[in-house]
*Asks:* 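Got a structure for you, questions after.
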Amino acid sequence: QVQLVESGGGLVQPGGSLRLSCAASGTIFSINAMGWYRQAPGKERELVADITSGGSTNYADAVKGRFTISRDSANTTYLQMNSLKPEDTAVYYCCVEYLSLVTMAPTTSWGQGTQVTVSS
């Protein structure tokens, strides 16, 4: 009932920038939080950043000072990634924590993932 569409991934050189976007749509009563996770080869999926309905943000230590998460009124979240490093290479997944308009049950949905590759 809820879909997340991600875009913005690609190949960049070290030190470059990318902006990921994730648009949520469907039977959403309210959104509690949106966030980004990533999974690198041979690694477990890890939280990169999230943002609550109140605007509070949280970042993994590895990306603090380089990445910025934001939201807009259209239920879209963005991840601005600056000063990219090879170790940022991963598949990035958007997620949304929301209450369903239909069931009023707390639910989590995931995007399809977008590849970010940082290489010279």
*Asks:* Measure across P14 and S120 and return the closest heavy-atom pair with its distance rounded to 0.1 Å.
*Replies:*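 Closest approach of P14 to S120: CD-N, 3.7 Å.
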*Asks:* Distance from E97 atom CD to I31 atom CD1, nearest 0.5 Å?
*Replies:*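 If we round to the nearest 0.5 Å, E97:CD and I31:CD1 are 10.5 Å apart.
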*Asks:* Is there a side-chain contact between N32 and T52 in this structure, where contact means two heavy atoms from C-beta onward sitting under 4.5 Å apart?
*Replies:*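 Not in contact.
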*Asks:* State which residues pass side-chain contact (heavy atoms from CB on, under 4.5 Å) with T27; sequence neighbours excluded, sorted by chain then number.
*Replies:*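 With sequence neighbours excluded, T27 shows a side-chain contact (heavy atoms from CB on, under 4.5 Å) to Q1, V2, S100, L101, V102, given in chain and number order.
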*Asks:* Once rounded to the nearest 0.5 Å, what's the spacing between atom CZ of F67 and atom OG1 of T57?
*Replies:* 14.0 Å
*Asks:* Do the side chains of N75 and S25 get nearer than 4.5 Å, heavy atoms only?
*Replies:*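 Counting from C-beta outward, S25 and N75 never come under 4.5 Å.
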*Asks:* Tell me, which pairs form a salt bridge (charged side-chain N to carboxylate O under 4.0 Å, His left out) where one or both residues lie in residues 5-24, sequence neighbours left out?
*Replies:* none
*Asks:* May I ask you to test the C95-S109 pair for a side-chain heavy-atom distance under 4.5 Å?
*Replies:* no
*Asks:* Taking only residues two or more places apart in sequence or in another chain, which ones pass side-chain contact (heavy atoms from CB on, under 4.5 Å) with Q39?
*Replies:* R45, Y93
*Asks:* Which ILVMFWY residues are connected to Y78, directly or by a chain of links, through side-chain heavy atoms under 4.5 Å apart?
*Replies:*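 So far as hydrophobic clustering goes, Y78 is joined with none.
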*Asks:* Using every non-hydrogen atom in the two residues, find where L18 and G8 come nearest and quote the distance to one decimal.
*Replies:* CD2-O, 3.7 Å
*Asks:* Which residues pass the side-chain contact (heavy atoms from CB on, under 4.5 Å) test with T89, sequence neighbours left out?
*Replies:*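 Only Q115, T117, V118 meet the side-chain contact (heavy atoms from CB on, under 4.5 Å) criterion with T89.
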*Asks:* Heavy-atom distance under 4.5 Å between the side chains of V48 and L79, does that happen here?
*Replies:*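 Of all side-chain heavy-atom pairs linking L79 with V48, at least one is under 4.5 Å.
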*Asks:* Going by the rule side-chain hydrogen bond (donor to acceptor under 3.5 Å, both in side chains), which residues pair with N82 if we only count those two or more places apart in sequence or in a different chain?
*Replies:*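 N82: side-chain hydrogen bond (donor to acceptor under 3.5 Å, both in side chains) contacts with S17, Q80.
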*Asks:* Measure the shortest side-chain to side-chain distance between P106 and L99 over non-hydrogen atoms and say whether it is less than 4.5 angstrom.
*Replies:*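 Yes, their side chains come closer than 4.5 Å.
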*Asks:* Please check if the side chain of S56 supplies one atom and the backbone of G54 the other of a donor-acceptor pair under 3.5 Å.
*Replies:* no
*Asks:* With sequence neighbours excluded, give me every salt bridge (charged side-chain N to carboxylate O under 4.0 Å, His left out) pair touching residues 111-120.
*Replies:*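 Every pair satisfying salt bridge (charged side-chain N to carboxylate O under 4.0 Å, His left out) with a residue in residues 111-120: there are none.
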*Asks:* So which pairs with a foot in residues 42-61 pass ring pair (Phe, Tyr, Trp, His ring centres under 6.0 Å), sequence neighbours left out?
*Replies:* none
*Asks:* Under the rule for side-chain hydrogen bond (donor to acceptor under 3.5 Å, both in side chains), what residues qualify as partners of D88, not counting sequence neighbours?
*Replies:* R38, R66
*Asks:* Do E46 and Y37 have side chains that approach each other closer than 4.5 Å (heavy atoms only, starting at C-beta)?
*Replies:*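 Answer no - side chains too far apart.
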*Asks:* Tell me every residue that passes side-chain hydrogen bond (donor to acceptor under 3.5 Å, both in side chains) with S53, counting only those two or more places apart in sequence or in another chain.
*Replies:* none
*Asks:* Taking the side chain as C-beta and beyond, is there a heavy-atom pair between T114 and V91 under 4.5 Å?
*Replies:*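 Answer no - side chains too far apart.
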*Asks:* How would you list, by chain and number, every residue that makes a side-chain hydrogen bond (donor to acceptor under 3.5 Å, both in side chains) with K64, sequence neighbours excluded?
*Replies:* D61
*Asks:* Mind checking side-chain contact (heavy atoms from CB on, under 4.5 Å) for T77 and listing every partner two or more places apart, or none if nothing turns up?
*Replies:* C22, M34, W36, I51, I69, R71, C94
